[in-house]
Amino acid sequence: MTLRTRFAPSPTGFLHIGGARTALFCRLHTRRHGGVFVLRIEDTDQERSTPEAVEVILEGLRWLGLDPDEGPFFQSDNTELYRAAARRMVEEGSAYPCDCSRETLDEMREQQRLRGEKPRYDGRCRNRTTPIGDQPHVIRFKTPPAGETVWEDKIQGTILIDNAELDDLILIRSDGSPTYNLAVAVDDHHMGITLVLRGEDHVSNTPRQIHIFRALGWEVPEYAHMPLLHGADGAKLSKRHGAVSVLQYREEGFLPTALNNYLARLGWSHGEQEIFTMVELETWFDIGDLGRSAAIFDQNKLLWINGHHIRAAAPPQLVPELARQLGRLGIDPVPAPERLAAILPEFQPRAATMVEMAQKCRFLFVDSVLPYEEKAARKHLTAAALDPLLGLARHLEGVADWSPPSIEAAFQQTLQAFGLAMGQLAQPLRVVLTGSAASPGIIETLHMLGREQTLRRLHEGAEYLQQRH
RNA sequence: GUCCUGUUCGUCUAGUGGCCUAGGACACCGGCCUUUCACGCCGGUAACACGGGUUCGAUUCCCGUACGGGACGCCA
């Protein structure tokens, strides 16, 4: 039987980093074993599910390159399937109607809590003899009162739960809609899911779902519960707690391959390798190699991995994202792709994110870099810098082809003429050309900037110096 | 509170009874390279939660304690 897994987010908000990791693990594990990766949208909560959230989740998955092999399927399309399953269970005696009010239930739980018991439904409607009729009611599952439920979790190992710990969960709400546990079991069966891979926070739902499978006479799938992702405070990452949308990472200049690489390394390792391509992950990743404890998200390491992927990328691959980020910085029009591809190699080793890269190469695409960075100007734009800069301008005006060797020659001639060391000319020049004291190599910087802009900024700098000193 | 579950450097991890005076990576600190900033290279600080067993020998196995996390909805 071929492996079939599913990623089943509920569309009640953005796709956060924890959800993305679950999707990634499903995808990688499935690919590794030649299976099928299914996407199912769990929108049985009509109150909170929105089409916008569905769109955002799909976009997040698309950006990460985690498109499903099948789906997306929507649970809201299967309502009749769930109702039929519930009806059958009532007929066969494994489920029953219950008309206890929410107030009754609240009070019940409150009392139990006071007595130090686990809050749970006490099953008072289980054996009722009077028919409910048209009264609003829910359908509850008749949980086996004794015995234990055990499964061999592919990540956690053997998990054994005493059935006495479980209460009679609701299958169908009073408005006729199915609840999570029913919908999941029915869909996992009908979609032929063989491995349910999800977060550890679902462990307690597993025995309930296994019971439903058994009541319906279906084969129970395998389960694997992966450790959760925690925030810096050590608590579970969730939409209400610290987790941001994966699309936010795109805005901040992270590459999808880097994010996948980092997420995969959280809880999993392969020898002493840190950097992985998607293909490598798909050939080596296996949930059997996952650790069992939660991991804390570390932005620093993500930055390092991102920088690595930026450096390893072929320039043309980065062009669209650099263009987008420059646009966000107000560069209009955005430079031509060929131009960006040409300058990219100089900036790849100098940026941990695409946002940082856009900021660092911005000086190439503006009309003027004034005002200069204050600290840089104070340190390097002294009165002594004026004459050498003007001298360099004269030498540069004689350069016809603007090739790096020619620029270098003009630069060396100026150095000799004024008896200066490299840094004494390079630093003031850098400030005048880029506005800051840090940039790619000075010859490369002149070359990238072009003859016209270089000379213009040289004179602009000379003017600044004359006014200041 | 009850049930489930976890615990190796600050963080991610290697480690499945002797190869561990515990390895790698990020971060941090030094140094080298260098026209600046990066990249790269070299080096350093830093961890087996605690207590009992089992064993010739425990980071590794068992029990307990502590601390952490998850679950306990007509949410998923």
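Quantities reported herein were computed from a predicted structural model and do not represent experimental measurements. Proteins get letters first, then strands, A, B, ... in listed order; numbering begins at 1 in each.
Heavy atoms of A/His202 sit under 4.0 angstrom from at least one base atom. Within 4.0 Å of A/Leu228, counting heavy atoms only, lie sugar-phosphate atoms of the nucleic acid but no base atom. Residue-level contact check: A/Ile170 touches the bases, meaning some heavy atom is under 4.0 Å from a base atom. No contact: A/Arg115 has no heavy atom under 4.0 Å from any strand. Residue contacts for A/Glu274: at a heavy-atom cut-off of 4.0 Å it reaches a base atom on one of the strands shown. In this structure, A/Cys100 reaches the bases: a heavy-atom distance under 4.0 Å links it to at least one base atom across the strands shown. At the heavy-atom level, A/Ser439 lies under 4.0 Å from base atoms of the strands shown. The residue A/Gly199 sits apart from the nucleic acid: no heavy atom pair falls under 4.0 Å. Base engagement by A/Ala437 is indicated by at least one non-hydrogen atom pair under 4.0 Å involving a base atom. Looking at heavy-atom distances under 4.0 Å, A/Arg120 makes no contact with the nucleic acid at all. Counting any heavy atom pair closer than 4.0 Å across all strands shown, A/Asp162 reaches no nucleic acid atom. Counting any heavy atom pair closer than 4.0 Å across all strands shown, A/Pro227 reaches no nucleic acid atom. As judged by a 4.0 angstrom heavy-atom cut-off over every strand, A/Ser293 is placed among residues touching the sugar-phosphate backbone only. Among the heavy atoms of the strands lying under 4.0 Å from A/Thr44 are primed sugar atoms or P, OP1, OP2 only; no base atom is included.
Atom P of nucleotide B/A71 and atom CZ of A/Arg208 are separated by 12 Å, given to the nearest angstrom. Summarising the geometry, the separation between CG on A/Leu392 and P on B/U35 is reported as 17 Å, rounded to the nearest angstrom. What separates CE of A/Met357 from P of B/A38 is a distance of 16 Å, to the nearest Å. Going from atom CG of A/Leu429 over to atom P of B/C37 covers 16 Å, rounded to whole Å. Rounded to whole Å, the distance from CG on A/Asp153 to C1' on B/A71 is 15 Å. Rounded to whole Å, the distance from CG on A/Leu290 to P on B/G6 is 14 Å. B/C39 atom P lies 12 Å from atom CG of A/Leu303, rounded to whole Å. Between the C1' atom of B/C12 and the CD atom of A/Gln273 lies a distance of 15 Å, rounded to the nearest Å.
Ring planes of A/Trp268 and A/His270: parallel class, angle under 30° (limits at 30 and 60°). Between A/Tyr223 and A/His225, the two ring planes are parallel [angle under 30°; tilted spans 30° to 60°].
In this structure, the nucleotide among B/A14, B/A76, B/G23 sitting nearest to the side chain of A/Thr179 is B/A76. The nucleotide whose nearest atom lies closest to any side-chain atom of A/Asn205 is, among B/A76, B/U13, B/C4, B/A76. Listed nucleotides B/A71, B/U13, B/U36 differ in distance to A/Arg430; the shortest reach to its side chain belongs to B/U36. The listed nucleotides are B/C74, B/G1, B/U11; the one nearest the side chain of A/Val138 is B/C74. The listed nucleotides are B/G73, B/U2, B/A76; the one nearest the side chain of A/Ser10 is B/A76. For A/Ala438, taking side-chain heavy atoms from C-beta onward, the closest of the listed nucleotides B/G1, B/C4, B/U36 is B/U36. Distances from the side chain of A/Asp201 to the nucleotides B/G70, B/U36, B/C72 place B/G70 closest. Across B/A76, B/C39, B/U35, the shortest atom-to-atom separation from the side chain of A/Gln427 is found for B/U35. For A/Glu272, the side-chain atoms get nearest to B/G24 when compared with the rest of B/U2, B/C12, B/G24.
Interface remark: the A/Arg350 side chain does form a donor-acceptor pair with the B/C37 base, using a distance-only criterion of under 3.5 Å. With hydrogens and angles ignored, no donor-acceptor pair closer than 3.5 Å exists between the side chain of A/Ser204 and the base of B/C72.
Applying the side chain to side chain contact (heavy atoms under 4.5 Å, CB included) criterion to A/Ala85, with sequence neighbours excluded, gives A/Leu182, A/Val186, A/Leu216.
Between A/Glu80 and A/Arg83 there is a salt bridge, since a side-chain N of the basic residue sits under 4.0 Å from a carboxylate O of the acidic one. Salt-bridge check for A/Asp188 with A/Arg40: passed, with a basic side-chain N closer than 4.0 Å to an acidic carboxylate O.
Nucleotides B/G31 and B/A49, compared at atom P, are 35 Å apart to the nearest Å. A distance of about 14 Å separates the C1' atoms of B/U13 and B/U59, rounded to the whole Å. Taking atom C1' in both B/G44 and B/A27, the straight-line distance is 14 Å, to the nearest Å. Between B/A47 and B/A22, the two P atoms lie 10 Å apart (nearest whole Å). To the nearest whole angstrom, the two P atoms, one in B/C9 and one in B/U60, are 14 Å apart. Taking atom C1' in both B/G40 and B/U34, the straight-line distance is 12 Å, to the nearest Å. Atom name P, nucleotides B/C62 and B/U5: the rounded distance is 13 Å, in whole Å.
The number of heavy-atom neighbours closer than 6.0 Å to CD of A/Glu374, taken from other residues, nucleotides and ligands shown, is 12 or below. Atom NZ of A/Lys142 has more than 12 heavy atoms from other residues, nucleotides or ligands within 6.0 Å. In this structure, A/Glu117 places its CD atom where more than 12 heavy-atom neighbours from other residues, nucleotides or ligands lie under 6.0 Å away.
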note = Whether each nucleotide of nucleotides 26-33 of chain B has a protein heavy atom under 4.0 Å at its base (B), only at its sugar-phosphate (S) or at neither (-) is summarised, 5' to 3', as SS------
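Base-pair partner of B/C56: B/G18 (Watson-Crick or G-U wobble, both distances under 3.5 Å). With a 3.5 Å ceiling on both atom-pair distances, the Watson-Crick or G-U wobble partner of B/G10 is B/C26. Nucleotide B/G64 is matched to B/C50 when pairs are restricted to Watson-Crick or G-U wobble geometry with both distances under 3.5 angstrom. Nucleotide B/C39 forms a pair with no other nucleotide shown, judged by Watson-Crick or G-U wobble geometry with both contacts under 3.5 Å. Pairing partner, B/U2: B/A71, with both Watson-Crick or wobble hydrogen-bond distances short of 3.5 Å.
In this model, the phosphate group of B/U5 is not approached by any side-chain N or O of A/Arg292 to a distance below 4.0 Å at OP1 or OP2. An OP1 or OP2 oxygen of B/U11 is reached within less than 4.0 angstrom by no side-chain nitrogen or oxygen of A/Arg265.
Using modelled atom types, one finds a donor on one side chain and an acceptor on the other under 3.5 Å when comparing A/Arg430 with A/Gln427. A/Asn181 and A/Gln209 are linked by a side-chain donor-acceptor pair at a separation below 3.5 angstrom, with hydrogens and angles left out of the test.
Because its NZ or CZ atom is not both nearer than 6.0 Å to the ring centre of A/Phe141 and within 45° of the ring axis, A/Arg208 does not count as a cation-pi partner of that residue.
When ring centroids are compared, A/Phe285 and A/Phe276 stay outside the 6.0 Å threshold.
If A/Ile443 and A/Ser101 are placed on RNA chain B by their nearest nucleotide, the residue sitting closer to the 5' end is A/Ile443. Closest-nucleotide positions on RNA chain B for A/Val184 and A/Gly441 were compared, and the one nearer the 5' end corresponds to A/Gly441.
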